[in-house]
Amino acid sequence: MDLSQISLEQAANLLRQRSLSAVELTRFFLERIAIANPTLNAFITVDEEGALAAARRADERLARGEATPLTGIPLAVKDLFCTKGLRTTCASRMLQAFCPPYESTVTRRLKEAGAVVLGKTNMDEFAMGSSNETSFFGPVRNPWDTTRTPGGSSGGSAAAVAAGLCLAAIGTDTGGSIRQPAAMTGITGLKPTYGRVSRYGMIAFASSLDQAGPMTHSIADAALLLHAMAGHDPLDSTSIDSPVPDYRDELTANLKPLRIGIPAEYFAEGLSDSVRKAVEQAIVTFQELGATCLPLSLPCTPYAIPTYYVIAPAEASSNLARYDGVRFGHRCDNPQDLRDMYARSRSEGFGAEVKRRIMLGTYVLSSGYYDAYYRKAQKVRRLIADDFQAAFTQVDLLLTPTAPETAFRIGEKDQDPVRMYLSDIFTINVNLAGLPGLSLPCGFDEHNLPIGLQLIGRPLQEGTLLAAGHAFQQATDWHLRRPS
Ligand code: GLN
């Protein structure tokens, strides 16, 4: 059996039957990483020693019959989750040598369930980007075509899953960073409802938008991981105190005929023909599965990108003020005085995109511009959320393309920020409204590059999203294709 092709569920069964040990499985993926990572650059840090130690503990737990479905499962973690004692860089020179003294809630929960963390994946610097090209550690290459980006910002996690370097990965999504790279690498990615998963120990980009989620081959695997990650956390005051369903049970439970809304604004100019065709075909599949699809409108959609690029940089400029060279992170050599230390440490530590966002953010928050930009953006954000709320009085789910085009070439857009920002035109609205969004594979274009479709649900209705996605994956095989 080719272990690089199996699902998390299948691996968990093999481990429980003891036909495979967690150490064997971990070694298998460490070897694959050693071979593929020099080309793909998906991992910033590989923790061979830590992974093997965790695998040995998992084997003991399996032997005692105390395993969870994640015990012994090798995962990759985006390099912005603080991992105690393991370098966490956020793909920035600023944190190049940062070793967190504490553990994020997401990684703590996964480790407590027995998961094995293989290493930390590459990403856009501080999660700012849509192509993984802003990483201080260099771009990630898309395993479907190594001249192309895997999308971003969770591009390392996406490439690692797509290339079979781990069984699943964890990413974060502020404006699309789980869903867009999932679409561009042919995998499944879920951004949960804002507050469903704790942000404690996730290095902050835009705190009112950031959310962690699973990146997997199948919906069933995403359900398993989300169950382990989600839930209230006293360490994150924005985490929601509501019970976590067993999402695996929800995959098949009460699948009543769904009403799916198709928002016209997501099929307008700028959408590539191949993506449009594949998504329209997916709509037909959902209809064959018994869903009723109805056209509707989300009129505020065109304001999402400008609204996001006021709010997200505003929050980022505030969050990134802590990197001052004093307590942790990069500090310049021989500062003349305090001001010089601040200025040079930050100039040297941050890359161009991060600086652009800090400047944008401080500008829109400055007195005199606050009302014109920041306050206005907050009002538009409310209107965008209201659009969705109105839609959900008519339908259970919305179906859209995840991204307007398939994976683009490395270097194609990195000199044109506005073009790059448009990559998230279909995902950003969902973050502004705090809703759950799921991307799953629905076809390939003429260059054999994967295409993703997005399902958007009501707050805390991840179960409905996953059930619909699961039904689609039972009827199609797009999620089973692998890059050669
Ligand atoms: N591409 C968007 C940005 O650059 C979203 C990134 C994200 O979701 N982290 O801000």
Side-chain angles (χ1 to χ4, degrees), residues 77-81 90-92 121-135 139-140 149-158 169-184 189-192 194 197 199 202-215 304-320 350-361 364 377 381 402-405 407-408 412-439 452 454:
V77 173
K78 187 175 183 177
D79 203 17
L80 61 58
F81 290 89
C90 238
S92 181
T121 53
N122 205 346
M123 53 184 278
D124 281 296
E125 185 180 7
F126 283 98
M128 298 174 190
S130 308
S131 66
N132 230 292
E133 290 167 288
T134 71
S135 170
V140 177
T149 86
S153 66
S154 311
S157 291
I170 305 302
T172 63
D173 190 313
T174 304
S177 280
I178 288 176
R179 291 160 288 158
Q180 185 256 26
M184 293 194 173
L190 172 66
K191 182 203 90 74
Y194 181 76
V197 175
R199 289 182 297 110
M202 244 169 73
I203 294 175
F205 163 11
S207 308
S208 76
L209 300 157
D210 297 344
Q211 189 62 198
M215 303 178 78
I305 294 263
T307 303
Y308 174 90
Y309 280 99
V310 172
I311 292 173
E315 294 184 15
S317 72
S318 169
N319 274 324
L320 272 59
F350 293 135
E353 185 59 29
V354 174
K355 286 177 188 159
R356 182 179 295 126
R357 307 272 179 125
I358 292 173
M359 286 193 284
L360 265 173
V364 300
R381 180 178 190 175
T402 305
E405 56 180 2
F408 46 91
E412 196 177 318
K413 297 186 187 182
D414 63 341
Q415 299 307 315
D416 186 345
V418 175
R419 259 187 87 202
M420 188 69 90
Y421 297 170
L422 288 171
S423 307
D424 293 306
I425 191 156
F426 300 146
T427 47
I428 269 177
N429 314 266
V430 178
N431 300 72
L432 288 169
L435 302 171
L438 171 70
S439 179
Q454 174 174 237

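Counting convention: from 1, in listed order, for ligands and their atoms alike.
- Heavy-atom contacts of Ser153 reach the following atoms of ligand 1: 9 (N) (cutoff under 4.0 Å).
- With sequence neighbours left out, the salt bridge (Lys or Arg N to Asp or Glu O under 4.0 Å) criterion links Asp173 to Arg179.
- The Ala127 neighbourhood of ligand 1 comprises atoms 6 (C), 7 (C), 9 (N), with distances under 4.0 Å to a heavy atom of that residue.
- Taking a cut-off of under 4.0 Å to the non-hydrogen atoms of Phe205, the atoms of ligand 1 that pass are 9 (N), 10 (O).
- Each of the following atoms of ligand 1 lies closer than 4.0 Å to a heavy atom of Gly129: 1 (N), 2 (C), 3 (C), 4 (O), 6 (C).
- Backbone and side-chain nitrogen or oxygen atoms of Asp173 are examined, and none is located within less than 3.5 angstrom of a nitrogen or oxygen of ligand 1.
- The two residues Glu315 and Ser207 have their closest heavy-atom pair at OE1-N, 2.8 Å.
- Ring pair Phe205/Tyr308 is perpendicular by interplanar angle, where above 60° counts as perpendicular and below 30° as parallel.
- Under the 4.5 Å side-chain criterion, counting only non-hydrogen atoms from C-beta, Ile178 is not in contact with Leu190.
- Contact atoms of ligand 1 toward Tyr309: 2 (C), 3 (C), 4 (O), 10 (O) (distance under 4.0 Å to a heavy atom of the residue).
- Residue-ligand proximity, Tyr308 to ligand 1, at heavy-atom distances under 4.0 Å covers atoms 2 (C), 3 (C), 5 (C), 6 (C), 10 (O).
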Item to complete: Start with the C-alpha gap between Arg381 and Leu209, add the side-chain angles, then the distance that decides, and say whether side chain to side chain contact (heavy atoms under 4.5 Å, CB included) holds.
Response: CA-CA 11 Å; Arg381 180 178 190 175; Leu209 300 157; 3.5 Å; yes
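- Among all protein heavy atoms, the one lying closest to atom 1 (N) of ligand 1 is Asp424 OD2, 2.4 Å.
- Among all protein heavy atoms, the one lying closest to atom 7 (C) of ligand 1 is Ser177 OG, 2.4 Å.
- Comment: Arg419 engages Glu412 in a salt bridge, judged by a side-chain N to carboxylate O separation of less than 4.0 angstrom.
- Looking at Gly175 next to ligand 1, an N or O pair under 3.5 Å apart turns up.
- In terms of the ring pair (Phe, Tyr, Trp, His ring centres under 6.0 Å) criterion, residue partners of Phe350 (sequence neighbours excluded) are, by chain and number, Phe126.
- Put simply, part of Arg357 is less than 4.0 Å from ligand 1, judged by heavy atoms.
- Among all heavy-atom pairs drawn from Ala158 and Ala182, the shortest one is CB-N, 4.5 Å.
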